[in-house]
Number of protein chains: 2
Amino acid sequence: MFMATHSSRSRIPHPTLKDVAALAGVSSGLASMALRGVNGPSENTRRMVLAAAEELQYRGNATASLLAREHPRLLGVTCFLDRDLDADIVDHLYVEAERLGYELVIGATTPSHSLQASLEMLAANSCEAIIAVGPQNPEECLSKISSRIPVLAIGAIPENRQGVSSVHIDDRLAMKLAVDHLVKLGHTDICHVTGGSGYSSSERKTGYEIAMRGAGLDKEIRIIEGGQTEEAGVEAAQVFLLGSAPTAVIAYNDACAIGAMTEARKLGYSVPDDLSVVGCDDSRASRIAYIDLTTVSQDREDLACQALRRTLTLIKDPNSTRTEYKSAPQLIHRSTTGPQHNRGKQPNSCASRE
Amino acid sequence: MFMATHSSRSRIPHPTLKDVAALAGVSSGLASMALRGVNGPSENTRRMVLAAAEELQYRGNATASLLAREHPRLLGVTCFLDRDLDADIVDHLYVEAERLGYELVIGATTPSHSLQASLEMLAANSCEAIIAVGPQNPEECLSKISSRIPVLAIGAIPENRQGVSSVHIDDRLAMKLAVDHLVKLGHTDICHVTGGSGYSSSERKTGYEIAMRGAGLDKEIRIIEGGQTEEAGVEAAQVFLLGSAPTAVIAYNDACAIGAMTEARKLGYSVPDDLSVVGCDDSRASRIAYIDLTTVSQDREDLACQALRRTLTLIKDPNSTRTEYKSAPQLIHRSTTGPQHNRGKQPNSCASRE
DNA sequence: TTGTAGGCGTTATCAG
DNA sequence: CTGATAACGCCTACAA
């Protein structure tokens, strides 16, 4: 059998529905129905069409289909590419979307490609709704675009963001779990490193404060300005380890916690002996054996399912009211937290020990 | 001024080009040209159209545009969501694409959404070409789809993958840099942990072998089957640390290196005193201060630029021959490699020390 | 069960 | 410089 050496892509255009219909000897309308599996065409017709499609290696043109359909069944997703939490969520979104007969198209948010740009792109491309995954710091653009197309955020959103529904973990509860975990281990001197200026950061901060008060530790509340990166954690540690160091620290997220832990160890503190560290998110990094960070997990599957369910509701009734769903977080006890030994807050001279 | 309390999205459909043209008092064809900024319309007409578009809050329908244009100027990108190397590359792709007037749409590859599925989706959605980022293990689907649409892989591809061009680091050179670095530090007992069955893994293995021979270390060549994850690194370490442990190890990538390093430390080896560890990719994880892994970096910007340049060439001439570009890697010396002390290969009883 | 025809919103071609 | 008009490929009444 001979095969073409050059695939002459440029010469023979892709076969269209009309070609398939012609080969099958039916009209293109019928062929369309047969291909989509809706009922109407007879069994015989369906077979003919499928055979023709197979023979011609027919591939539908999704763009044309999108334009013609009234319900494109296409959802836009914006996410960051370097956050494994987002990756897990998107993975679950794919599963749910497939189950519900929806297609997903992704607009990535990167340093050079803003959330705004992703949203515009998705809105222009016939998406029926947009699911924005991750900490949406310039949330204004979510509100803005939500007047054109339903938007649901996975991640906390201020209540006054009109039109944008959200699905996220209960940030306050997450911090309460962390505080209670440490209290149970005997800690009282527990400080919190914030995640900067975002909304979920302020929620977690509030949750920490409430939990501390709930544990009768009003006087011990100590808040350090931080951020969502490892570097922010490093800088925060340099602050809270000066003077009277706490025996435990709860960071806004895992990255920040890892940074703080790194710096603490570098300064001679042993984790968890001298300092217990708790992160948040249960990121991939937190699970690295060498890090093995105690953290508060987000249930990715729950978030994805709820997000999709609610997004479809928004599509059906665009005027339905904004909703908010708080998923229950869970404490994951790993090796960076331990009992309070109460043996002083001075760093050891020896860097680390088992 | 009154504002609608409910954004009645469902009631008023988005304004179309025709609406804009009507308001501006011109034909839709003219309006289209004015909006796109091509020359033809008079300055006055252009202003009228722009004003009308502004007033109606007109947003073009990208789907319709895609269908009508002969050159959609749309590129599909497949990538993994949890690999920060890919994230960096995509970031640079966005920059280059914008510069060249192309739009990017992303199809993510996740555990539940195969590369195949992403490719099909992108091909069906009027992309002019697809750039596949990352280690494409089931590369067959790249070849298959390349008969329908130009495909360029960022990452090594076997030579017999017809139709698929590739842009990637020089894997063999990368391993040579690692070997030479270690040799310069006095190491001779250098083993390599592979990345599993992929093509770039076999290239790196070969590169390691060649470099070892080049350094006169034929007898010292020692290869351990590994993988691309931290877990694989852990398992590999359990193997190569049994019996006579090497003084240095080069892993397929950073994740694998980190796993191996973790396990080595857990078993009582000090890094880099007892064991030097080199990764590959210069991933975000490798830069974490607490890990600070010596590695071989990939120039993300170079990869992205070359990929885009070559992709456009493929689009212009689909019958042009497959090309391969090897980007120069660079050794990043961090703190997991050090001089060979030659003080025996037995693990210390003390876990670690400064 | 099947064919026909009109439309989705743009772009592109051609006369005027 | 401008305005009809025909694609683009598919979906979907509606009619047969």
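Residue numbers start from 1 in every chain, and the chains themselves are labelled A, B, ... in the order their sequence lines are given, proteins ahead of strands.
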Rounded to whole angstrom units, what separation is found between the NE2 atom of B:His14 and the P atom of C:dC8?
15 Å
Within the pair B:Arg36 and C:dA12, is there a side-chain N or O less than 4.0 Å away from OP1 or OP2?
yes
Mark yes when over 12 heavy atoms from residues, nucleotides or ligands other than A:Gln116 sit less than 6.0 Å from its CD; otherwise mark no.
yes
Regarding B:Thr63, tell me which of base, sugar-phosphate or nothing describes its non-hydrogen contacts under 4.0 Å with the strands shown.
nothing
In residues 65-78 of chain A, what residues come within less than 4.0 Å of DNA chain C, judged by heavy atoms?
A:Leu67, A:Ala68
If I take atom NZ in residue B:Lys18 and atom C1' in nucleotide D:dA4, what distance separates them, rounded to the nearest angstrom?
13 Å
From CG (B:Leu142) to CD (B:Gln162), nearest 0.5 Å
13.5 Å
Would you mind reading off the distance between B:Asn125 atom CG and D:dC10 atom C1', rounded to a whole angstrom?
13 Å
Determine: side-chain N/O of B:Ser32 to OP1/OP2 of C:dT11, distance under 4.0 Å, yes or no.
yes
Considering all heavy atoms, the nearest A:Leu66-A:Ser126 contact:
CG-CB, 3.9 Å
Examine D:dT2: is either OP1 or OP2 under 4.0 Å from a nitrogen or oxygen in the side chain of B:Thr45? Give yes or no.
yes
Could you work out which one of D:dT2, D:dC10, C:dT10 sits closest to the side chain of B:Pro41?
D:dT2
In whole Å, what is the span from the CZ atom of B:Arg59 to the C1' atom of C:dT10?
18 Å
Rounded to whole Å, please give me the gap between CG in A:Leu17 and P in D:dT12.
12 Å
Under the salt bridge (Lys or Arg N to Asp or Glu O under 4.0 Å) rule, collect the residues that match up with A:Arg310, sequence neighbours excluded.
none
B:Leu35 CG - C:dG9 P separation (whole Å):
15 Å
Rounded distance (Å) that lies between atom C1' of C:dT2 and atom CD of A:Glu43:
16 Å
Could you tell me whether A:Glu98 atom CD has more than 12 heavy atoms of other residues or ligands within 6.0 Å of it?
no
When you check the phosphate oxygens OP1 and OP2 of D:dC10, does a side-chain N or O of A:Tyr58 lie under 4.0 Å from one of them?
yes
Interatomic distance, A:Ile154 atom CD1 to A:Ser166 atom OG [nearest 0.5 angstrom]:
10.0 Å
Does A:Val105 form a side-chain contact (heavy atoms from CB on, under 4.5 Å) with A:Leu122? I'd like the steps, not just the answer.
CA-CA 8 Å; A:Val105 50; A:Leu122 295 172; 4.0 Å; yes
Under a 4.5 Å cut-off applied to non-hydrogen side-chain atoms, are A:Leu93 and A:Ile89 in contact?
yes
Polar pairs (N or O, both sides) under 3.5 Å between protein and nucleotides 3-6 of chain C?
from	atom 1	to	atom 2	distance (Å)
C:dG3	OP2	A:Ser27	N	2.9

Looking at B:Asn61, B:Leu35, B:Val49, which hits side-chain contact (heavy atoms from CB on, under 4.5 Å) with B:Leu17?
B:Leu35
Starting at atom CG of A:Asn61, determine the distance to atom P of C:dC8, rounded to an integer number of angstrom.
18 Å
